[in-house]
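Values below: all heavy atoms of this structure, side chains included; hydrogens, waters and symmetry mates excluded. Below, read A as the first sequence line, B as the second, and so on, with proteins coming before strands; counting in each chain starts at 1.
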There are 2 protein chains.
Amino acid sequence: MSKRRILVPFKKRTHDHAECIDSALVSAQSSCERQGLRLTKMRRRVLELVWRGHTPVKAYDILEELRKEDRAAAPPTVYRALDFLLNAGLVHRIESLSAFVGCGGPATPHFGQFLICRECSAVAEIDAPAIARALVADAEALGFHADRQTIEIKGLCADCSRLDP
Amino acid sequence: MSKRRILVPFKKRTHDHAECIDSALVSAQSSCERQGLRLTKMRRRVLELVWRGHTPVKAYDILEELRKEDRAAAPPTVYRALDFLLNAGLVHRIESLSAFVGCGGPATPHFGQFLICRECSAVAEIDAPAIARALVADAEALGFHADRQTIEIKGLCADCSRLDP
DNA sequence: GGCTGTAATGTTATAGTATAACGTTTCAAA
DNA sequence: TTTGAAACGTTATACTATAACATTACAGCC
Ligand SMILES: [Zn+2]
Ligand SMILES: [Zn+2]
Ligand SMILES: [Zn+2]
Ligand SMILES: [Zn+2]
């Protein structure tokens, strides 16, 4: 219980988010090149919109943005791009919110473990391999072969719990 | 990392499921009495339908069943009953499937940790408090106050992995 | 460069999940 | 028996996601 990595931290409200977007797009580019995947203009644009902030983004919010640029944009466009980004490991789906967040460590495959603030909606991504392994082991003990896991924690981030009570 | 309990095991294909339903309804009854909650006819009926088997049940599947009994049944009826059952701790929502399963241990509050077979859809519910605590601790280390967690593991159950490969 | 096949995107329609809003009934407590 | 809140009925609509088929873009070949 120890080598927990923080893939996406809770950010200060004042941080330079343009830099977050930039670095995500650069990682995505090289990640795709390495895997022989095509990060097309549309996919890149959708990824950029997912990284609009550090809160989960809904498919139809992305669609709304796209429609400002192309009046005729339709749901399949968004969902196809999101499918690609999910498979490429560039975004994660937050199941409990039907929404998407950018992945903070696309270089190495993982399922994502998320802390979600119910007040400000900020999301942090951590990687706690010990926990993932413990779950796999518990499953294995029942003869179950785990190949995917969803871990989503809800609560209050440090900022919000300071203010809220 | 050890005192894992099995709240709902993977069942033999031949087990007496009427008994599962019965025992769930009896637990539910006493659980509601203890908490001063009203397990009405409708809520009881919906709970019974959630326990139709050991696979997750969709809200609209429940609705379809209800409509066999009352032609006019509508979505809010189902969702209201499900909300009650969720709050009463009698069912869990599987976020990654938008579906519901009966809770195997409604007497004590917990969030549920699920093993979901992608082949036969069977679901087992376990309670591994050590893992829940480890997640809370990891969150706490970041100043995050966790109050709820979603843990869903996908893979192949023992039966299906024996046959599949 | 021009061909060619596959991958990506466009387009229209529809399926599936969930809640808002307001009216009516039920039922336990006063 | 009144009465007020909780439960349920009813209608409409919002939100999430995919099916199916047409068109365009683009890498690999000649
Ligand atoms: Zn940022
Ligand atoms: Zn990630
Ligand atoms: Zn059973
Ligand atoms: Zn199975």
request  = Provide, to the nearest angstrom, the distance between the CZ atom belonging to R67(A) and the P atom belonging to dT11(C).
outcome  = 11 Å
message = Could you tell me how far apart R38(B) (CZ) and dA5(D) (P) are, to the nearest whole angstrom?
response = 14 Å
ask   = Can you tell me if the side-chain N/O atoms of T77(A) get under 4.0 Å from OP1 or OP2 in dT9(C)?
value = no
query = Heavy atoms under 4.0 Å, any strand shown: does A72(A) hit a base, just sugar-phosphate, or nothing?
reply = sugar-phosphate
message = Once you apply a heavy-atom cut-off of 4.0 Å, does R43(B) come out as touching a base, just sugar-phosphate, or nothing?
response = sugar-phosphate
task = To the nearest Å, give me how far apart CZ (R45(A)) and C1' (dT9(C)) are.
result = 17 Å
message = Quick check on dT17(C): is either OP1 or OP2 less than 4.0 Å from any side-chain nitrogen or oxygen of K58(B)?
response = yes
inquiry  = Tell me every residue that passes ring-ring contact (aromatic ring centres under 6.0 Å, His included) with F114(B), counting only those two or more places apart in sequence or in another chain.
reply    = H92(B)
key: Nearest-Å distance for atom pair OH/C1', residues Y60(B) and dT19(C)   = 9 Å
Heavy-atom closest contact (L39(B) atom, C32(B) atom, distance) = CB-SG, 3.9 Å
task = Kindly give the heavy-atom pair with the smallest separation between A141(A) and R4(B), and that separation in Å.
result = CB-NH1, 3.6 Å
query = Can you name the nearest heavy-atom pair linking S96(A) to E152(A), along with the distance?
reply = OG-OE1, 2.6 Å
request  = Show your working on salt bridge (charged side-chain N to carboxylate O under 4.0 Å, His left out) between D159(B) and R162(B) and close with a plain yes or no.
outcome  = CA-CA 5 Å; D159(B) 283 1; R162(B) 204 172 297 123; 3.3 Å; yes
ask   = Think T40(B) has a side-chain N or O under 4.0 angstrom from the OP1 or OP2 of dC8(D)?
value = yes
task = Measure from CG on D83(A) to C1' on dA8(C) and round the result to the nearest Å.
result = 13 Å
note = Which of dT19(C), dT10(D), dG10(C) is nearest the side chain of D70(A)? It is dG10(C)
message = Using heavy-atom distances to pick each residue's nearest nucleotide on DNA chain D, tell me which of M42(B) and P76(B) is more 5'.
response = M42(B)
task = In whole angstrom, give the distance that lies between atom CZ of R71(B) and atom P of dT10(D).
result = 13 Å
ask   = Rounded to the nearest Å, what distance is computed from the CD1 atom of residue I62(B) to the C1' atom of nucleotide dG16(C)?
value = 14 Å
query = Between atom CZ in R80(B) and atom C1' in dT24(C), what is the gap in whole Å?
reply = 11 Å
